[in-house]
Structures are given as C-alpha cells and as structure tokens.
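All chains are named by letter (A, B, ...) in the order of the sequence lines, taking the proteins before the strands, and each is independently numbered beginning at 1.
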Amino acid sequence: MSRIYITTPIYYVNAEPHLGHAYTTLIADALKRYYQQQGIEAFLLTGTDEHGDKIAEAAKAGGMEPKAYADKISAIFRATWDTCGIAYDHFIRTTDDYHKEFVQQILQKIYDSGDIYFGEYGGFYCFGCERFYTEKELVQGKCPDHQREPTYIKEKNYFFRMGKYQERLLDHIQTHADFIRPERYRTEALAFLREPLEDLCISRPKSRLEWGIALPFDSNYVTYVWFDALISYVSALKFKGEQHVETFWPKANHLIGKDILKTHAVYWPTMLMAAGMPLYQRLNVHGYWVMASGKMSKSLGNVVRPLEMKERYGLDAFRYFLMREMVFGQDATFSLDALINRINADLANNFGNLVSRVLAMQEKYFAGAVQPLGREWPKEDVELSDRFRRAEEELQRHMVGLQFHRALESVWAAIDHTNRYIVQTSPFVLVKDPVKRGRVGEILHHLLEAIRTTARLTAPFLPDTAREIRTLLAVSDGTANDRAPWGSFFVPGHKVLPPKILFPRIEPTAEG
RNA sequence: CGCGGGGUGGAGCAGUCUGGCAGCUCGCAAGGCUCAUAACCUUGAGGUCCCGGGUUCAAAUCCCGGCCCCGCAACCA
C-alpha cells in the first residue's frame, strides 16, 4: 500500500493559534483526507515547539515555570485542532521525553562522526535583549529595541559542519525537481546555495539559556532550535515504532510557510545527511495571508482566531475560503468581505441551494422515495454524469500539484452545470403532466447522484458538510459502495430526507 | 547593483511553468423561471492583459530592456 507522511511545522508556543497556523493545519488535514480517500495510508503530524529564550522569558513574565507555560499554550493548540476536527495521528511536543532522547541520540551520532565541533563564535550581543545581532539587524550600529550599542563578545559553542554537505544538497535539489515546490521556492533555495554555506551554530551555553535539550556530550550546553525542532518530524515516527520510521519517513511531505524555507530547505536536509538518514520526499511551501485591514495586530483588532471563525461562519465555510482563495505558494488577502462573499456565492447560493431544491422536489413529488432510471439516458443526463467525471479527473490532477483553488473550482463547475441542468430539464414543470412523472423521477435520481458525488469530491475540504449530506441522503457514512458508478447507487424506493439549510446566507450589513 | 512578490474589464483575482478564440467571482443592465436559502437560468455592457522591443504561423504566457506598487520592522504559517 502506498503511503504519505504529512507534517505541519511544530508551532512555537509564544503565541496562540492564528490564521497562519490554521491555514497550514487545515490544508494538511484536507490533504490527509484526500489521500485516504484515494486508498493511500496517510499519517499526519502536528505539534508544538517549546524550548528557547522567548518561552523562558514569557513564562517568567507570567510568573510561571517554562514547562507550565508551555503546557498551557500547547494545550490551547491541541484543543484548537481537536475542536476543528483535525485528523492528526500524533501531536508532538518538543518537551516530550522520547523526543529529547532521540535528539540526543542524533546529536551524539553526528558528534561521534566528527561533524559537530567545538569552536568560538563572536558577535554583537545586546545585554538588554539577551541575544546576538547580525550587523544587518543593527540600526546605525545600535540595538533597535534598546537604542544602545551592543557589545562584541566571543562565546565558545558547538558547530555543525553544514558546509560539508552543500554540494550533495545542491545536487539533490537539482536532480529532484519536486523536492521543493512550488518552483519559486526551489529557485530561492538554489539561490541560498550559490553562496558558500557556513557552519551552523547549534548550541547555547546554559549560563545564558537553560530551557533546552542538553547536549549529550557537554552538559554545560543546550542545543539551539535546529536540532531540537526539525528532528521532531522523525522522533514522532520513532515514538510510533521503528516500522513507522521505515515506511513513512521516506514519504515525508512537509508543509511550511515561506518564512521557514531556509531552515527546511538547507539546514534540515544537511542534518539528515550527517545523521545518515534519507531525506524527506518533498517540501511544500505556501505564502502568507495578508490582512486587507492592515498588518495583523491586536490593536487593530483584526487577528483571525480559528475558533472564532468556526463559531461565526462554520468550520467548513472557513476551510473552504482558505483553500479556495489562496493559490498555494503565493500570498493571499484575507478580509471578512471576501469570506462572506465566498460563503454566500459559492456555498449558500450554488451548492447549498442546489441541495435544497433537489431534496425539496424529491420530497414534494415522491415523498422522498428515489425513482428508477430508464435504460436509455437522454443526452443531458449523460452530459451531467460526464461533467462530474471530468470534475473528478481535474480535481485529482490539481491535488497532485497542491492547487486546492483549482481543485475546488473544478467541482464548482460541475455544481454550476447541475443548476443549469435543473433549468433545462425543468422537473418542476414536467411534474404537472402526469404522463411525465417517470421522467421527473429520473431527473431527480440524477440530481441525487450529482449531490452524492459532490459530497464525495468535497469531503476532504468540507468534511462536516459531506457528512450532513450523507445523512440527508440517508446513506451510511463512508460506505464501501461510495464509489458505485453513477446511477447504480440508489435503490429505487430508498427514501431521502427533506432539505435542510447547509449554509445560511450571511447578510453583509450584519457583519463588520 | 540586498532578497522576494506583484501590475489582467468598476472591485477582487485565476490563467503565465507546458504559447493557441482573454476567464472567474462580485457589481451593473435587460430578460426568464418559480423547485429552491430574494436563491437559480439566459443575454448584454465593460479589457491598450504596466510600457517598449524581440522570437513565433500564433505571446497575458517565452526572451531583452524599462516604469510603477508592495513585503522583508511580527501577536507569524
């Protein structure tokens, strides 16, 4: 059986879940559901990144121990994904014991092989910020926060011989066109590699930072972010058993935002090489959500909280908007106007209303009982089923390339076709002629198939809606004959339920 | 010569990799339908695809040059 391993980044627990986190996690979830539907075994990982300066400071500010603070925020992330029904298979925390042990194993292994060495690092250090600044970050030679000159200090630290793997990485990216996608990010990664790679500082002295994983070969140091966070992708599988590492790791598909491209495209593969492990299969990079109302900020009150969106507009509507509106890889604009517009136009008017009108006719004309199809199908019936077949083909093609917006567009083209089919065949007119009752039954049978197929095709994106439609069709969830050919699914006499509003229209005036 | 993204009807955007009648949503105008969530369907108006060259039978798309806008200053994916 083929497999896929899908990961979100592990989210840093210095902030609560917002739009960016939600987007990555929701597409990961949709991908998993899609692949499962295709009969592919999928494993989805998410989790939280909990070590480091900022966490220790935030905890201190709140009068808490770092672990207690991390517990709190991590729980909020987990609860958010649980509430959103994210089908993750494991939730990793970098403070989990098995993770810390595995990180130390890898560090020891690379240290033993000679790719980690002890050296000296010099840089501009601001005692106010407790951090080093690069010359570029300094404003007129001063720390931008404290407006004072940093001190040049030297510090002994451990370094990873990243440069040693530059050629191998370059070669890998060049020979694997799909390793980093979309293309623009692959190009950018190749641009990073045009310059010689410097060795990577991977430690912090405990005197300066205690909240981290201790180096196994020097207890005066903790490992700095890279070896801690990135390795979680593997340690989570390790936790599930060696078998999981073997079967899923080579099929790893990371989903990340463009801000962490360099760490994932350059640091991570070289680390894997040094550890003697296979590289991940693909790095999938998406863009940013840009707020139409200005930069996301608490003072502007435009922070998008996933649970609030779920509460106000419904989870499926929110999911739909994010996946329909953003071109994977590019930036997109977020605005409530656009969200409401999508909900009303695509979900309420086109999709939801279609379900309503079909079920209403089925109820009114036949008390919900499905009618038989004739042996010969008129041209328009064949065209309708063909249109959905085409939609499915297009959807599959677009999903391979993570073109969620186009995948959905394809399904909606079929939905539009269905609305037109109703007007063309006019069952509500034919029904007035008793002689044509049989034909009305056929038309409605086809329309029920259209709805069933739409539910199946949109299930990865709109899981709750798909479930509701199955309920309305009085069909058990995820049955084996879900893929029954068009026309052979409903047994004549099977009763479907009366309509229900799937997506209420939202009056724009009522919302800000 | 910092890096990157973008400029397509009134608005917001796809399409550009892989050249083939310029497409979608909203809005606007006229009409139709009455099964449906005032939803649905049809037709129409509206475009120098930023500009200038080049390649080609054919360019929004490929090549060269130029102009303009926006991020990289975080509660970030």
Practice item. Can you tell me, in whole Å, how much space there is between the P of B:A77 and that of B:U18? Key: 33 Å
Point to revise | Separation between the P atoms of B:C3 and B:A73, rounded to whole Å | key: 16 Å
Using a cutoff of under 3.5 Å, can you pull out all pairs of nitrogen or oxygen atoms linking the protein to nucleotides 13-15 of chain B, with atom names and distances?
unit_1, atom_1, unit_2, atom_2, d
B:C13, OP1, A:Thr333, OG1, 3.4
B:A14, OP1, A:Gln330, NE2, 3.2

**Study point:** Spacing between A:Glu183 atom CD and B:C62 atom P, to the nearest angstrom
**Key:** 13 Å
Check your understanding: Whole-Å distance between B:C26 C1' and A:Phe321 CZ?
Key -> 13 Å
Exercise for review: Determine, answering yes or no, if A:Tyr288 is stacked on B:A77 under the 5.5 Å centre rule and the 30° plane rule.
Suggested key: yes
Check your understanding: Quick one: side chain to side chain contact (heavy atoms under 4.5 Å, CB included) partners of A:Met323, sequence neighbours excluded?
Key -> A:Ile27, A:Ala30, A:Arg319, A:Phe404, A:Leu408, A:Phe461
Point to revise | Pairwise C1' distance, B:C13 and B:A29 [rounded to whole Å] | key: 23 Å
Check your understanding: Rounding to the closest angstrom, what is the interatomic distance between B:G54 and B:A60 at atom P?
Key -> 15 Å
Point to revise | Pair A:Phe318 and A:Tyr313, ring centroids less than 6.0 Å apart | key: no
**Study point:** Under the salt bridge (charged side-chain N to carboxylate O under 4.0 Å, His left out) test, residues paired with A:Arg437 that sit two or more places apart
**Key:** none
Revision key, fill the gap. Sorted by chain and number, sequence neighbours left out, side chain to side chain contact (heavy atoms under 4.5 Å, CB included) with A:Ala413 holds for A:Arg387
Exercise for review: Mind telling me whether A:Tyr233 and A:His254 have parallel, tilted or perpendicular rings, with 30° and 60° as the class edges?
Suggested key: tilted
Check your understanding: Base, sugar-phosphate, or nothing: which does A:Pro9 touch, judged by heavy atoms less than 4.0 Å apart?
Key -> sugar-phosphate
Check your understanding: How long is the line joining CZ of A:Arg184 and C1' of B:U16, in whole Å?
Key -> 11 Å
Review point. Does A:Asp82 have any side chain to side chain contact (heavy atoms under 4.5 Å, CB included) partners at least two apart in sequence or in another chain, and if so, which?
Key: A:Arg78, A:Tyr88
Point to revise | Partner nucleotide, any strand, of B:C72 [Watson-Crick/G-U, under 3.5 Å] | key: B:G2
Practice item. Under 4.0 Å between any heavy atoms, over every strand shown, what does A:Leu255 touch: base, sugar-phosphate, or nothing? Just pick one. Key: nothing
Review point. Please give, in whole Å, the distance from B:C72 C1' to A:Glu188 CD?
Key: 11 Å
**Study point:** G-U wobble or Watson-Crick pairing nucleotide for B:A59 (cut-off 3.5 Å, both distances)
**Key:** none
Practice item. Calculate the interatomic distance between A:Asp259 atom CG and B:G71 atom P; express it in whole Å. Key: 17 Å
Revision key, fill the gap. Readout for nucleotides 31-44 of chain B: B = base within 4.0 Å of protein heavy atom, S = sugar-phosphate only, - = neither; 5' to 3' it is --SSBBB-SSSS--
Review point. For atom C1', what is the distance between B:G52 and B:U48, given to the nearest Å?
Key: 13 Å
Check your understanding: Which pairs count as side chain to side chain donor-acceptor pair (under 3.5 Å) when at least one residue sits in residues 422-432 of chain A, sequence neighbours excluded?
Key -> none
Review point. Got a second to check how far A:Leu430's CG is from A:Tyr365's OH, nearest 0.5 Å?
Key: 9.5 Å
Would you be so kind as to tabulate the donor-acceptor pairs closer than 3.5 Å made by side chains of residues 440-451 of chain A, with sequence neighbours excluded?
unit_1, atom_1, unit_2, atom_2, d
A:Glu442, OE1, A:Arg439, NH1, 3.0
A:Glu442, OE2, A:Gly374, N, 3.4
A:His445, ND1, A:Gln371, O, 2.6
A:His446, ND1, A:Trp486, NE1, 3.0
A:His446, NE2, A:Asp381, OD2, 3.0
A:Glu449, OE1, A:Arg452, NE, 2.6
A:Glu449, OE1, A:Arg452, NH2, 3.0
A:Glu449, OE2, A:Gly487, N, 2.6

Study note, to complete from the structure: Paired to B:G10 by Watson-Crick or G-U wobble criteria (both distances under 3.5 Å) is B:C26
Pairs under 3.5 angstrom only: tabulate donor-acceptor contacts from the side chains of residues 174-181 of chain A to other protein residues two or more places apart or in another chain.
unit_1, atom_1, unit_2, atom_2, d
A:Thr175, OG1, A:Asp171, O, 2.8
A:Thr175, OG1, A:His172, O, 3.3
A:His176, ND1, A:His172, O, 2.8
A:Arg181, NE, A:Asn284, OD1, 2.5
A:Arg181, NH1, A:Val400, O, 3.0
A:Arg181, NH2, A:Asn284, OD1, 3.2

Check your understanding: Which whole-number value in Å describes the distance from A:Phe77 CZ to B:A77 P?
Key -> 8 Å
Check your understanding: Taking the six-membered ring for Trp, are the ring centroids of A:His264 and A:Tyr280 within less than 6.0 Å of each other?
Key -> no
Review point. Between B:C62 and B:C26, how far is it from one C1' atom to the other, in whole Å?
Key: 33 Å
Review point. Taking atom P in both B:G23 and B:G46, what distance in whole Å separates the two?
Key: 15 Å
Check your understanding: Whole-Å distance between B:C3 C1' and A:Lys258 NZ?
Key -> 11 Å
Review point. In whole Å, what separates the C1' atom of B:C72 from that of B:C40?
Key: 47 Å
